[in-house]
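When reading the values below, keep in mind they use all heavy atoms of this one structure, side chains included, and skip hydrogens, waters and symmetry mates.
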Amino acid sequence: MSEKILMPTDTQVTPKVAQERVKKPKWLRVKLPVGKKYTELRGLVDKYKLNTICTSGSCPNMGECWGEGTATFMILGNVCTRSCGFCGVKTGRPDTVEWDEPEKVARSIKIMKIKHAVITSVDRDDLKDGGSIIWAETVDAIRRANPTTTLETLIPDFQGNTKLIDRIIEVHPEVVSHNMETVKRLTREVRIQAKYDRSLGVLKYLKENGMRTKSGIMLGLGETEDEVIETMTDLRNVGLDVITIGQYLQPTKKHLPVKQFITPDQFKKYEEIGKEMGFMYVESGALVRSSYKAHKHAS
């Protein structure tokens with residue numbers, strides 16, 4: 001599924017003792033976004049009521065990304081047909097498709113003068129085309145209005161339907177991303193309607209058809225180090241170019257609890273392992289999200 005970010009509360013509930021609350025580690029303290037570029041873009045977003053997942057998801061990296069000219073936009077509504085255990089986006093029956101949405105997104109990017117845009121979406125299993133037509137039209141609209149803007153598309157799995165995935169390949173964004181989210185053993189619990197091997201197959205198909213590919217996993221859901229390395233190996237074996245590794249943060253008490261806060265040293269270890277495996281880029285850290293440093297992954 002697409003990237004959805006909600007900031008954690010100051011405490012997290014451990015899975016074994018519901019009453020016990022664990023303080024957020026110091027390495028998860030987030031600095032408030034600052035800077036001239038951030039202030040300017042925030043003003044534009046508020047003035048024109050632009051829909052960025054940066055603001056709606058309270059991304060911890062918003063100030064840094066905006067300062068580098070990068071922003072993330074979510075298309076196809078804000079109601080998802082899937083019910084992933086980690087995700088703060090509402091599950092239910094989505095609204096009808098807004099066919100003018102591609103032009104609205106392209107306009108937002110132009111107003112904000114975005115150099116690199118990340119486009120993501122909810123899953124739309126209710127649609128015969130899985131939303132792939134709007135996906136392709138959005139990329140085309142952005143290219144017409146913003147010919148110098150580079151693009152990353154963070155896509156759903158389209159249920160593994162290669163005809164739908166071909167629509168993304170045909171418009172050829174600089175980067176195509178699809179998140180694994182977690183290790184194989186936990187996939188059924190964390191990504192209820194998704195399949196580990198299907199996601200690997202999507203990434204393999206994209207790579208075989210000339211795309212620069214990217215995926216993200218989040219840690220702290222009970223996975224072991226060996227399982228993380230296994231997932232990294234699986235991703236590298238299908239030719240993945242870019243991997244992001246971050247800390248899972250529980251959106252609400254109704255979602256899966258954090259079982260472990262991963263230390264900075266452990267994230268560094270995964271970064272080093274990833275580089276040794278041959279990934280083009282490895283972003284690994286507690287506050288790393290799918291679109292973190294996304295602008296450099298396109299070059």
#### Entry: Salt-bridge contact Arg124-Asp126 (side-chain N to carboxylate O under 4.0 Å)
yes

Heavy-atom count around Arg188 CZ within 6.0 Å, excluding the residue itself: above 12? no

For this session: May I have the step-by-step check of side chain to side chain contact (heavy atoms under 4.5 Å, CB included) for Ile142 and Leu151, ending in yes or no?
Result: CA-CA 9 Å; Ile142 294 169; Leu151 291 171; 3.7 Å; yes

| said: Taking the side chain as everything from C-beta on, heavy atoms only, tell me whether Glu272 gets closer than 4.5 Å to Lys268. | reply: yes

Counting C-beta onward and ignoring hydrogens, is there a side-chain heavy-atom pair between Tyr205 and Ile165 closer than 4.5 Å? yes

Please check if the side chain of Asp123 supplies one atom and the backbone of Asp125 the other of a donor-acceptor pair under 3.5 Å. no

inquiry  = Counting only heavy atoms from other residues, nucleotides and ligands, does the tally under 6.0 Å from NZ of Lys207 exceed 12?
reply    = yes

*Is it true that the side chains of Thr224 and Arg185 contain a donor and an acceptor less than 3.5 Å apart?*
no

_More than 12 heavy atoms of other residues, nucleotides or ligands under 6.0 Å from CG of Asp129: yes or no?_
yes

Practice task
Quick one: do Ile168 and Val139 satisfy side chain to side chain contact (heavy atoms under 4.5 Å, CB included)? Show the steps, please.
Solution key: CA-CA 9 Å; Ile168 307 297; Val139 173; over 6 Å; no

Quiz item: Salt bridge or not for Lys293 and Glu68, using N-O below 4.0 Å?
Solution: yes

Practice task
Show your reasoning for whether side chain to side chain contact (heavy atoms under 4.5 Å, CB included) applies to Val242 and Thr213.
Solution key: CA-CA 6 Å; Val242 183; Thr213 54; over 6 Å; no

Worksheet entry | Chi angles and distances behind the side chain to side chain donor-acceptor pair (under 3.5 Å) call for Gln260, Glu223 | CA-CA 9 Å; Gln260 183 184 9; Glu223 70 289 326; over 6 Å; no

- Query: So does Asp157 pair up with Lys195, basic N to acidic O under 4.0 Å?
  - Reply: no

| said: Looking at Glu101 and Leu76, would you say the former's side chain and the latter's main chain have a donor-acceptor pair under 3.5 Å? | reply: yes

Is Trp135 close to Pro173 at the side-chain level, that is, under 4.5 Å between some pair of heavy atoms?
-> no

d(Ile229 CD1, Asp234 CG) to nearest 0.5 Å is 12.0 Å

Shortest non-hydrogen pair, Val122 vs Pro156, comes out as O-CG, 4.4 Å

- [ ] Output yes when Glu230 and Lys184 qualify as a salt bridge under the 4.0 Å nitrogen-oxygen rule, no when they do not.
- [x] no

*asked:* Counting only heavy atoms not in Lys296 (residues, nucleotides, ligands), do more than 12 fall under 6.0 Å from its NZ?
replied: yes

In terms of heavy-atom contacts, Ala106 and Asn146 come closest through O-ND2, 3.2 Å

Per side-chain contact (heavy atoms from CB on, under 4.5 Å), Ile245 is matched among Glu271, Met232, Glu283 by Met232

d(Asn209 CG, Asp166 CG) to nearest 0.5 Å is 6.5 Å

Requested in this report: Answer whether the closest heavy-atom distance between the side chains of Ser290 and Asn179 falls below 4.5 Å.
Outcome: yes

Ser177 (side chain) donor-acceptor with Lys214 (main chain) under 3.5 angstrom = yes

Please check if Val288 and Val175 belong to a single hydrophobic cluster, counting links between Ile, Leu, Val, Met, Phe, Trp and Tyr side chain heavy atoms closer than 4.5 Å. no

Under 4.5 Å between side-chain heavy atoms, counting indirect links through other Ile/Leu/Val/Met/Phe/Trp/Tyr residues: same cluster for Leu44 and Val105 or not?
yes

**Message:** Under 4.0 Å between a side-chain nitrogen and a carboxylate oxygen: does that hold for Lys269 and Asp265?
**Reply:** no

Report the C-alpha separation of Thr244 and Tyr292 in whole Å, then their side-chain angles, then the decisive distance to 0.1 Å, and conclude whether the side chain to side chain contact (heavy atoms under 4.5 Å, CB included) test is met. CA-CA 8 Å; Thr244 62; Tyr292 184 65; 5.8 Å; no

Taken to the nearest 0.5 Å, the spacing of Glu225 CD from Leu219 CG works out to 10.5 Å

Minimal heavy-atom distance between Trp99 and Ile133, with the atoms involved, is CZ3-CG2, 3.9 Å

For Val171 and Ala136, the nearest pair of non-hydrogen atoms, with its separation, is CG1-O, 3.8 Å

| task | State whether Asp140 and Arg144 are salt-bridged, where the test is any N-O pair (Lys NZ or Arg NE/NH1/NH2 against Asp/Glu carboxylate O) under 4.0 Å. | result | no

Tightest non-hydrogen contact, residues Leu249 and Val258, listed as CA-CG2, 4.2 Å

Query raised in the report: Can Val183 be reached from Tyr196 by stepping across I, L, V, M, F, W or Y side chains whose heavy atoms are under 4.5 Å apart?
Result: yes

Exercise. Does any N or O in the side chain of Ser215 come within less than 3.5 Å of the main-chain N or O of Met180, such that one atom is a donor and the other an acceptor?
Worked result: yes

Do Tyr270 and Val228 have side chains that get closer than 4.5 Å, going by heavy atoms? yes

Does a side-chain heavy-atom distance below 4.5 Å link Arg93 with Val79? no

dist Leu221:CG -> Glu181:CD (nearest 0.5 Å) comes out at 10.0 Å

Worksheet item: Hey, is the main chain of Ile114 close enough, under 3.5 Å, to the side chain of Thr149 for a donor-acceptor pair?
Response: yes

Look at Glu174 together with Arg212 and state whether they make a salt bridge at an N to O cut-off of under 4.0 Å.
-> no

Nearest heavy-atom contact between Gln247 and Ile262 is OE1-N, 2.8 Å

field: Heavy-atom side-chain proximity of Val176 to His178 below 4.5 angstrom
entry: no

Between the OH atom in Tyr281 and the OG atom in Ser299, the distance rounded to the nearest 0.5 Å is 4.0 Å

Value for CD1 (Ile109) from CE (Met112), rounded to nearest 0.5 Å, stands at 9.0 Å

Q) Should Thr150 and His116 be marked as a side chain to side chain donor-acceptor pair (under 3.5 Å) after you check the CA-CA gap, both sets of side-chain angles, and the distance that decides it? A) CA-CA 5 Å; Thr150 54; His116 180 75; 2.6 Å; yes

*For Lys115 and His295, test the side chains for any donor-to-acceptor distance below 3.5 angstrom and give the result as yes or no.*
no

Just by distance, do the side chain of Arg236 and the backbone of Leu240 share a donor-acceptor pair under 3.5 Å?
yes

Test of understanding: clusters of I, L, V, M, F, W, Y form through side-chain heavy atoms closer than 4.5 Å, transitively. Do Ile111 and Phe73 belong to the same one?
yes

Any heavy-atom pair between the side chains of His255 and Tyr248 that's under 4.5 Å? yes

